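Okay, structure first, notes after.
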Amino acid sequence: MSGEKRRENLLKILQASGEPVSGTKLAEKFQVSRQVVVQDIALLRAANHDIVSTHKGYVLQDKKYISRVFKVKHSVEKMLEELNLIVDCGGKVEDVFVYHKLYNVVRVPMNIRSRMDAKKYVDSIQGGVSVPLEQITSEYHYHTITADSEETLDIIQQELQEKGYLAALRDYEPVDFWGDETD
C-alpha cells in the first residue's frame with residue numbers, strides 16, 4: 001500500500017472513530033512501524049487536518065457538519081424551550097433570521113451549542129435591551145441548524161414538528177436562502 005493510500009485510510013479510521021485511536025493500533029493495522037504512523041500524522045496535519053494527540057491516541061477534530069434551515073413560529077415565552085430542544089437533540093443554532101418583504105433577509109448569528117448558551121441568550125433578550133428579531137414578522141423566523149448527520153437534523157425536525165414549532169413557507173419566501181454560500 002502506498003503512503004498516500006495509507007494516510008487516506010488512516011484518516012477514514014479517525015473520522016469513523018468516536019474515541020482516540022492509539023498509534024500502536026494504527027501501526028498494527030497498516031503493518032508499519034509506530035514511527036511511520038507518527039510521520040503520517042504529521043503529513044495529515046500539514047494537509048490541514050486537525051488531529052490531536054492524547055495519552056490514549058489520536059483524535060480527529062475536523063468533523064464535517066451539515067446544516068438545514070427551519071422556519072419556526074412561537075411566542076417569546078417558548079424561545080428557551082425551542083432552543084433547548086434543538087441543542088438537546090444534538091444541533092447547534094447558528095443563527096436566527098427573518099424574511100421581510102421590504103428588508104429581505106435580516107440575519108443575526110447566535111452560535112448556541114448548549115442549554116447554558118440558550119439561557120444566556122434568552123436572559124439577554126428578557127433583560128429588555130432588545131426585542132427578538134421575529135417580532136417584526138409576527139413571530140415567524142428561521143434558524144440555520146448544524147449537526148453531525150442528516151439523521152440528527154431529521155430528529156430535530158420531527159421534535160420541532162411535534163411541539164408545533166415548524167411553520168410552512170409562503171409563496172413569496174425563497175426556499176434556498178443562502179444559495180451556494182453554505183456548501
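Not measured: the values here are computed from a predicted model.
Lys163 and Glu159 are not joined by a salt bridge, as no carboxylate oxygen comes within less than 4.0 angstrom of a charged side-chain nitrogen. Under the 4.0 Å criterion applied to side-chain N and carboxylate O atoms, Lys78 and Glu81 are assigned as salt-bridge partners. Between Lys92 and Glu94 there is a salt bridge, since a side-chain N of the basic residue sits under 4.0 Å from a carboxylate O of the acidic one. One finds no salt bridge joining Glu4 and Arg7 here, because no Lys/Arg side-chain nitrogen approaches an Asp/Glu carboxylate oxygen to under 4.0 Å.
Between the CD1 atom in Ile66 and the CG atom in Leu153 there is a gap of 5.0 Å [rounded to 0.5 Å]. Rounded to the nearest 0.5 angstrom, Leu11 CG and Tyr58 OH are separated by 14.0 Å. Rounding to the nearest 0.5 angstrom, the gap separating the OH atom in Tyr165 from the CE atom in Met79 is 11.0 Å. The NZ atom of Lys29 sits 13.0 Å away from atom OG of Ser22, with the distance rounded to the nearest 0.5 Å.
Side-chain atoms of Asp117 and Val87, non-hydrogen and from C-beta on, never get closer than 4.5 Å to each other. Side-chain contact between Glu82 and Leu160: present, with at least one pair of heavy atoms (C-beta onward) separated by less than 4.5 Å. Side-chain contact between His141 and Lys73: absent, with no pair of heavy atoms (C-beta onward) separated by less than 4.5 Å. Put simply, the side chain of Val38 does not reach to within 4.5 Å of the side chain of Asp40, judged on heavy atoms. The side-chain heavy atoms of Tyr121 and Val96, taken from C-beta on, include a pair separated by under 4.5 Å.
Judged by distance alone, the side chain of Ser17 and the main-chain N or O of Leu14 form no donor-acceptor pair under 3.5 Å. At least one donor-acceptor pair under 3.5 Å links the side chain of His143 to the backbone N or O of Asp95. In this structure a side-chain-to-backbone donor-acceptor pair under 3.5 Å is present from Arg45 to Ile51. Distance alone, capped at 3.5 Å, is enough to place a donor-acceptor pair between the Lys71 side chain and the Ala168 backbone.
A side-chain hydrogen bond (donor to acceptor under 3.5 Å, both in side chains) with Arg68 holds for exactly one of Thr146, Asp154, Thr144; it is Asp154. The only option from Leu44, Leu43, Val32 that meets the side-chain contact (heavy atoms from CB on, under 4.5 Å) definition with Leu10 turns out to be Leu44.
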Give the intermediate values and the outcome of side chain to side chain donor-acceptor pair (under 3.5 Å) for residues Gln158 and Glu162. CA-CA 6 Å; Gln158 180 180 352; Glu162 287 177 11; 3.1 Å; yes
Begin with the C-alpha distance, continue with both residues' side-chain angles, and end with the deciding distance and a verdict on side chain to side chain donor-acceptor pair (under 3.5 Å) for Glu77 and Ser75. CA-CA 5 Å; Glu77 294 77 28; Ser75 65; 3.1 Å; yes
Evaluate the criterion side-chain contact (heavy atoms from CB on, under 4.5 Å) for residue pair Ile145 and Gln157; output intermediate values, then yes/no. CA-CA 10 Å; Ile145 307 298; Gln157 184 170 337; over 6 Å; no
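Across every non-hydrogen atom of Leu85 and Ile156, the tightest pair is CD2-O, 4.3 Å. Smallest separation of non-hydrogen atoms from Leu83 and Ile112: CD1-CD1, 3.9 Å. Between Ala147 and Gly90, the closest heavy-atom pair is CB-O, 4.0 Å.
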